[in-house]
Amino acid sequence: MGTHLIQFLKFNTAKIVVLASGDNQSRPEPEPGVEYYDLDIRRADEVRSVVREISPTQIYHLAGVSAVDVSWNNPRLTFEVNVLGTYNLLEAAMLLPSTPRILNVSTSQVHAPSDDILTETSPLSPDNPYAASKAMAELLRVQYRKYTDGGIITARSFNHTGPGQMPSFVLPSIAKQFAEMEAGLRAPSLIVGNVEVKRDFTDVRDVVRAYSALLDKGRTGEVYNVCSGSAVRLADCIRKFEAISGISIEINTDPARLRSNEISQIFGDSTKIRTETGWNPQIPLEKTIQDLLDYWREKIKRARSTEPQ
């Protein structure tokens, strides 16, 4: 997300500053013309000092522990980063003489499990530490409702994917395996979890545009679903990979990738963001899948070209 956001902003933003932990594996690659600060968001004094120095007009708050398995293994770290870290950032920003507009990126996982379409007012009932921490971070906005010039807009994002996403996520994992099959590095056997689940996928490049639209036109104190508005069965996504690659595969279910309480269908209502900002997703799923596969093809090609002969 960070890399795609920088690419989007660098052509129409006067100055871009990236704050990221030095040991964050997912931090964007350095871009010319972009300033970078190493920052531990859990340290209030450090956050306040850097925010005061930069004095931004807009903040995209993407920082956080975002992997569910990590949140179960280290819930204290998850809450420290996602809740306390968010509080530190919001507090520092709202102490500035001119308060910025802040986009706080949350997740659809804050909702109670439901096979019905999820709106911004659907019940909340997070069922893992990551989701619980994001729900808490959302509620921090109540103390800043008085800010009308600046203030906080919440993006409740559903599944998003695209080139560059780590293979710990489902579609990049599938793309990487298909690219390895094409390169002769593995047999035509795909290892996945439950392929019958349905999810609401949006291309990361469309999500970046949604975030920008929300900071420009969203109402402070409000929550907006960022989603396509439709659910796609994972097995159907796999068939699209087969069609593009020309490889017929055998599907093998990995028990470690199955979740006992997995929801069969998750999709959201995007009416609010579409109506209030004019945003609409433009990139079809087929294009996203093609670009994911091309990304991993190129990555594998580069890796093989550097291997000793």
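With sequence neighbours excluded, no residue forms a side chain to side chain donor-acceptor pair (under 3.5 Å) with S108. Applying the side chain to side chain contact (heavy atoms under 4.5 Å, CB included) test to S228 and every residue at least two apart in sequence or in another chain returns D200, T202, S230. Shown here are the side chain to side chain donor-acceptor pair (under 3.5 Å) partners of R205, two or more places apart in sequence or in another chain: D203, D291. The ring-ring contact (aromatic ring centres under 6.0 Å, His included) test applied to F178 returns F241, not counting sequence neighbours. Residues forming a side chain to side chain contact (heavy atoms under 4.5 Å, CB included) with A235 (at least two apart in sequence, or on another chain): V195, E196, R233. With sequence neighbours excluded, the residues that form a side chain to side chain donor-acceptor pair (under 3.5 Å) with S189 are N252.
Residue pairs meeting the salt bridge (charged side-chain N to carboxylate O under 4.0 Å, His left out) criterion with at least one member in residues 263-274, sequence neighbours excluded, are E222-K272. Pairs passing the salt bridge (charged side-chain N to carboxylate O under 4.0 Å, His left out) check and including a residue from residues 90-99, sequence neighbours excluded, do not occur. Within the structure, ring pair (Phe, Tyr, Trp, His ring centres under 6.0 Å) pairs that include any residue of residues 111-132 do not occur (at least two apart or interchain). Among pairs with a residue in residues 152-172, those fulfilling salt bridge (charged side-chain N to carboxylate O under 4.0 Å, His left out) read E138-R156, at least two apart in sequence or across chains. Screening residues 39-89 for ring pair (Phe, Tyr, Trp, His ring centres under 6.0 Å) gives no qualifying pairs among residues at least two apart or on separate chains.
Using a 3.5 Å distance cut-off with no hydrogens or angles, the side chains of S264 and D115 do pair a donor with an acceptor. Inspection of the E276 and Y224 side chains reveals an N or O donor paired with an N or O acceptor under 3.5 Å.
When hydrophobic clusters are built by joining Ile, Leu, Val, Met, Phe, Trp and Tyr residues whose side-chain heavy atoms come closer than 4.5 Å, directly or via intermediates, Y211 is grouped together with V34. Following chains of ILVMFWY side-chain contacts shorter than 4.5 Å, one cannot reach I174 starting from I283, and the two form parts of different hydrophobic clusters. Cluster annotation: L190 is connected to L292 through the hydrophobic network of ILVMFWY side chains, with a link wherever side-chain heavy atoms come within less than 4.5 Å. Taken together through direct or relayed side-chain contacts under 4.5 Å among Ile, Leu, Val, Met, Phe, Trp and Tyr, L140 and L84 form parts of separate hydrophobic clusters. When the side chains of ILVMFWY residues are joined at heavy-atom separations under 4.5 Å, either directly or via intervening members, V226 and F158 end up in two distinct hydrophobic clusters.
For the atom pair CD1 of I153 and CG of L214, the computed distance is 7.0 Å after rounding to the nearest 0.5 Å. Note that OG of S114 and CD1 of I263 are 8.0 Å apart. Values are rounded to the nearest 0.5 Å. Within the model, atoms NE2 of H160 and CZ of F201 stand 11.5 Å from one another, a figure rounded to the nearest 0.5 Å. Note: L234 CG to R199 CZ = 8.5 Å, rounded to the nearest 0.5 Å.
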Return all side-chain donor-acceptor pairs below 3.5 angstrom for residues 179-188, not counting sequence neighbours, or 'none' if the list is empty.
unit_1 : atom_1 : unit_2 : atom_2 : d
E180   : OE1    : R186   : NH1    : 2.9
E180   : OE2    : K176   : NZ     : 2.7
E182   : OE1    : R297   : NE     : 2.7
E182   : OE2    : R297   : NE     : 3.4
E182   : OE2    : R297   : NH2    : 2.7
R186   : NH2    : Q177   : OE1    : 3.3

Can you list the steps and then say if Y295 with Q165 is a side-chain hydrogen bond (donor to acceptor under 3.5 Å, both in side chains)?
CA-CA 10 Å; Y295 171 82; Q165 190 178 34; over 6 Å; no
